[in-house]
J.: 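Got a structure for you, written out below as structure tokens; questions coming shortly.
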Amino acid sequence: MTPLSQLPIDVVVMAAGKGTRMKSRLPKVLQRLAGVPLVQHVLNTAAQLNARSAVVITGHGADQVEPLLLAPGQAMAVQCVRQEPQLGTGHAVQQAVPALADDGVVVVLSGDVPLTQADTLQALIEQCGGKQLALLTIDFADPTGYGRIVREGTQVQAIVEHKDATEAQRQIQEVYSGIMAVPAHLLKGWLGRIDNQNAQGEYYLTDVVKLAVADGLPVVAHKIADPLQVAGINSPVQLAELERAHQLRQAQRLMEQGVRLKDPARFDLRGQLDCAQDVEIDVNCIFEGQVSLGEGVKIGANCVIANCTIEAGAVIHPFTHIDGEKLGVTVGEGALIGPFARLRPGAQLGAEVHIGNFVEVKNSTLAKGAKANHLAYLGDATVGERVNYGAGSITANYDGANKHRTVIEADVHIGSNCVLVAPVTIGAGGTVGGGSTITKSTEPGALSVARGKQVSIANWARPKKQPKA
Ligand code: UD1
Ligand code: CA
């Protein structure tokens, strides 16, 4: 017999349903939880299982769903199969049959159940063992609407849908999660035999249970206790509830690693956050994409931080927005950023850099100890060590067609309200007088002033208002 760990796994994701209660133009499985489309969560989990293939059943909104699934960089090879019209979950899985090999274990998942963990599915697959039907089940205090697990003694006999259930069956609290693991060859045989003679006139996937029992094959239930792992999304309220529950879990995981969150209920992570020791995060911060925080980093309240590396001891003051997008952002050791700062893609800040309020930095390198403390723009600039960049100064990096670089060498002092028209280099140790528009490169050590000369007229009388005629 094939060892369990070598059983090929093929995942089938049902994602054809309408999602009427979302009341959205966006198909339900593309709604986002923690910043990621619901169906993408499911595929990420499938990838963790090292599944051989994934077949996604699309229908409603297929034109929008399929491009995401087939996009390059997808976690695993995905095949899309359309189900039109949608005649039930059994009919949905029937559409996948031609795409499924006979030798595998099929794991059936739903595109709107995002938080199932790979280890749970692994345990379910072990229960299946490549030889029998295994159902993921859970006890609900209020099982209304779910398919009930009907047992005789301990043996599972059937799943009865709520609408088809007798009063006595409706008392059963153990429900089917919508997730099963089943040998492909058995599933294929049963799918050919299900009908739609039920309260909803649908082909129920859940009818495979009674067919297995009729064939004298065992059906096992793998019961879990964690409702988040089987929670499906049908409405904006459920989406928001699951988002909060998921965020709280992520917050708890970080706190267990030692991260000090001021309030785990006011924390959002939409991606991956790696934290060294003694990181402190104040309330209402959002982290997106890949973020890494070095030892002792402090993040003030109300920051949005995405795709960024912040090195040890740096402090990000409140209301700072950082998004490295594809280029990334680096904040060096002991740097002070904000409040109200904006760091855009390609901002590479060295150690002890200071970026103050209403300062925007894009695609620029600032060496150790450089400072831009107030109301300034640095775009496509290379800034040397200890440069002081005055309030209100900007790099004019765009000539309307092309972008050009500004080089500010070490120890330069740029006064307030300067315009540095790129391409231009300010030589080391130089000074630029406030209000200057610099269009030519300057020599090291030079003072450059490029503005109208001040004229003062002594005892000047202001014009007086003429009396009305
Ligand atoms: C299903 C189960 C029920 C279980 C519940 C758990 C059946 C018959 N019932 O019920 O036992 O307790 O899930 O949530 O399976 N879908 C399609 N094509 C279709 C119909 C549905 O792709 O023709 C997709 C939906 O988009 C959804 C999933 O299948 O992702 C489940 O469908 P849904 O209508 O939510 O099933 P339930 O009636 O909730
Ligand atoms: Ca459902």
Side-chain angles (χ1 to χ4, degrees), residues 11-22 24 26-31 37-43 55-62 64-66 69 80-97 107-116 133 135-140 142-150 156 158-165 169-170 172-180 182 187 190-191 194-211 219 221 223-224 227-235 238-239 242:
V11 168
V12 173
V13 183
M14 298 183 293
K18 185 143 190 220
T20 315
R21 283 197 280 151
M22 286 306 299
S24 170
L26 191 67
K28 178 166 76 171
V29 295
L30 295 187
Q31 305 284 341
L38 297 176
V39 68
Q40 186 64 58
H41 281 276
V42 178
L43 288 174
V55 183
V56 182
I57 314 299
T58 59
H60 279 285
Q64 290 174 73
V65 176
E66 289 173 2
L69 301 172
C80 295
V81 176
R82 295 236 179 153
Q83 183 201 15
E84 275 157 352
Q86 289 83 34
L87 303 178
T89 52
H91 179 252
V93 179
Q94 275 169 357
Q95 312 310 305
V97 164
V107 177
V108 178
L109 302 170
S110 285
D112 59 356
V113 179
L115 295 182
T116 319
L133 173 58
L135 308 170
L136 189 67
T137 71
I138 187 165
D139 285 337
F140 279 157
D142 177 10
T144 309
Y146 289 91
R148 305 300 204 282
I149 304 295
V150 177
V156 176
I159 298 173
V160 179
E161 293 303 307
H162 183 90
K163 285 184 178 146
D164 300 290
Q169 287 168 334
R170 287 183 181 182
I172 299 171
Q173 290 186 322
E174 186 182 9
V175 304
Y176 172 53
S177 66
I179 295 171
M180 64 172 65
V182 51
L187 176 67
W190 295 327
L191 284 174
I194 57 177
D195 62 35
N196 63 352
Q197 303 303 301
N198 53 54
Q200 304 184 81
E202 287 181 7
Y203 293 89
Y204 290 163
L205 176 62
T206 44
D207 279 357
V208 299
V209 175
K210 59 185 186 205
L211 295 172
V219 178
K223 200 200 278 191
I224 60 168
L228 287 195
Q229 290 198 48
V230 299
I233 305 291
N234 297 301
S235 68
Q238 288 173 350
L239 182 59
L242 200 59

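Bear in mind that the values here come from a model prediction, so they are computed numbers and not experimental data. Both counts, for ligands and for their atoms, begin at 1 and track the order of listing.
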J.: Locate the shortest heavy-atom distance separating Gly88 from Gln83; write the atom from each residue and the value.
T.: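 Of all heavy-atom pairs spanning Gly88 and Gln83, the closest is O-NE2, 3.2 Å.
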
J.: Give the minimum heavy-atom separation between Thr58 and Ala16, together with the two atoms involved.
T.: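 That closest heavy-atom pairing would be C-CB, 3.6 Å.
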
J.: Please confirm whether His91 approaches ligand 1 to less than 4.0 Å, judged on its heavy atoms.
T.: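 Judged by the 4.0 Å heavy-atom criterion, His91 does not count as contacting ligand 1.
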
J.: Using distance alone, decide if ligand 1 has a nitrogen or oxygen within less than 3.5 Å of any nitrogen or oxygen in Ala16.
T.: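 Indeed, backbone or side chain, Ala16 has an N or O that close.
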
J.: Please find the pair of heavy atoms, one from Leu211 and one from Trp190, that lie closest to each other, and give the distance.
T.: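 Residues Leu211 and Trp190, closest heavy atoms: CD1-O, 3.4 Å.
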
J.: For Asn234 and ligand 1, does the shortest N/O to N/O distance drop below 3.5 Å?
T.: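 No, there is no polar N/O contact under 3.5 Å.
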
J.: The criterion is salt bridge (charged side-chain N to carboxylate O under 4.0 Å, His left out); which residues satisfy it with Lys223, sequence neighbours excluded?
T.: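 Listed in chain order: Asp139.
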
J.: Can you list the ligand 1 atoms lying under 4.0 Å from a non-hydrogen atom of Thr206?
T.: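 Matching atoms, with element in brackets: 7 (C), 8 (C), 9 (N), 11 (O), 15 (O).
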
J.: When you compare ligand 1 with Tyr176, is there at least one nitrogen or oxygen pair between them that comes in under 3.5 angstrom?
T.: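 Yes: some nitrogen or oxygen of Tyr176 is under 3.5 Å from one in ligand 1.
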
J.: For atom 11 (O) of ligand 1, which candidate among Glu161, Lys18, His162 provides the closest heavy atom?
T.: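 Of the listed residues, Glu161 has the closest heavy atom.
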
J.: Below the 3.5 angstrom mark, is there an N/O of Tyr146, backbone or side chain, next to an N/O of ligand 1?
T.: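 N/O-N/O distance below 3.5 Å does not exist for this pair.
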
J.: Compare every heavy atom of Pro143 with every heavy atom of Arg170, then report the nearest pair and how far apart it is.
T.: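 Looks like O-CG, 4.2 Å.
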
J.: Considering only heavy atoms, does Gln83 approach ligand 1 within less than 4.0 Å through its side chain, its backbone, both, or neither?
T.: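 For Gln83, the contact with ligand 1 is made by the side chain alone.
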
J.: Any donor and acceptor pair, going by atom type alone, linking the side chain of Gln86 with main-chain N or O of Lys18 inside 3.5 Å?
T.: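 Not a single qualifying donor-acceptor pair exists.
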
J.: Provide the number and element of each atom of ligand 1 under 4.0 Å from a heavy atom of Ala92.
T.: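 Those qualifying, in numeric order: 17 (C), 18 (N), 22 (O).
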
J.: Going through the checks in order, is the side-chain contact (heavy atoms from CB on, under 4.5 Å) test met by Val93 and Val55?
T.: CA-CA 9 Å; Val93 179; Val55 183; over 6 Å; no

J.: N/O of Gly17 under 3.5 Å from N/O of ligand 1, yes or no?
T.: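 Looking only at distances, the answer is yes, because the N/O contact criterion of under 3.5 Å is met.
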
J.: Would you check whether Ile57 reaches within less than 4.0 Å of ligand 1, judged by its heavy atoms?
T.: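 No, Ile57 has no heavy atom closer than 4.0 Å to ligand 1.
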
J.: Please report whether ligand 1 has a polar contact with Gly88, defined as an N or O pair separated by less than 3.5 Å (distance criterion only).
T.: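 Min N/O separation from ligand 1 is below 3.5 Å for Gly88.
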
J.: Would you say Gly178 and ligand 1 have an N/O pair spaced under 3.5 Å apart?
T.: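 There is no such contact.
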
J.: With a cut-off of 4.0 Å, which atoms of ligand 1 are near a heavy atom of Ala15?
T.: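 Those atoms are 22 (O).
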
J.: Could you tell me whether some N/O pair between Leu205 and ligand 1 is separated by less than 3.5 angstrom?
T.: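 N/O-N/O distance under 3.5 Å: no.
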
J.: Hey, what do you get for CD1 (Ile149) to CD1 (Ile172), rounding to the nearest 0.5 Å?
T.: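 Answer rounded to 0.5 Å: 8.5 Å.
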
J.: Pull out every atom of ligand 1 sitting under 4.0 Å from any heavy atom of Gly147, numbered as shown with elements.
T.: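 Result: 3 (C), 4 (C), 11 (O), 12 (O).
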
J.: Run the numbers for me: atoms of ligand 1, each under 4.0 Å from some heavy atom of Asp112, listed by number.
T.: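 Ligand 1 atoms under the 4.0 Å threshold to Asp112: 27 (C), 30 (O).
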
J.: Would you compute the distance between atom CG of Leu109 and atom CG of Leu136 and round it to the nearest 0.5 angstrom?
T.: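 Those atoms lie 9.5 Å apart.
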
J.: Holding to ring-ring contact (aromatic ring centres under 6.0 Å, His included), I want the full list of residues that pass it with Tyr146, two or more places apart in sequence or in another chain.
T.: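 In terms of ring-ring contact (aromatic ring centres under 6.0 Å, His included), with neighbours along the sequence ignored, Tyr146 is linked to Phe140.
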
J.: Would you say Thr89 has any N or O atom under 3.5 Å from an N or O of ligand 1, going by distance alone?
T.: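 Yes - when backbone and side-chain N and O of Thr89 are compared with those of ligand 1, one distance drops under 3.5 Å.
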
J.: Considering non-hydrogen atoms only, spot the tightest contact between Ile194 and Val208 and give its length.
T.: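 The answer is CG2-N, 4.4 Å.
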
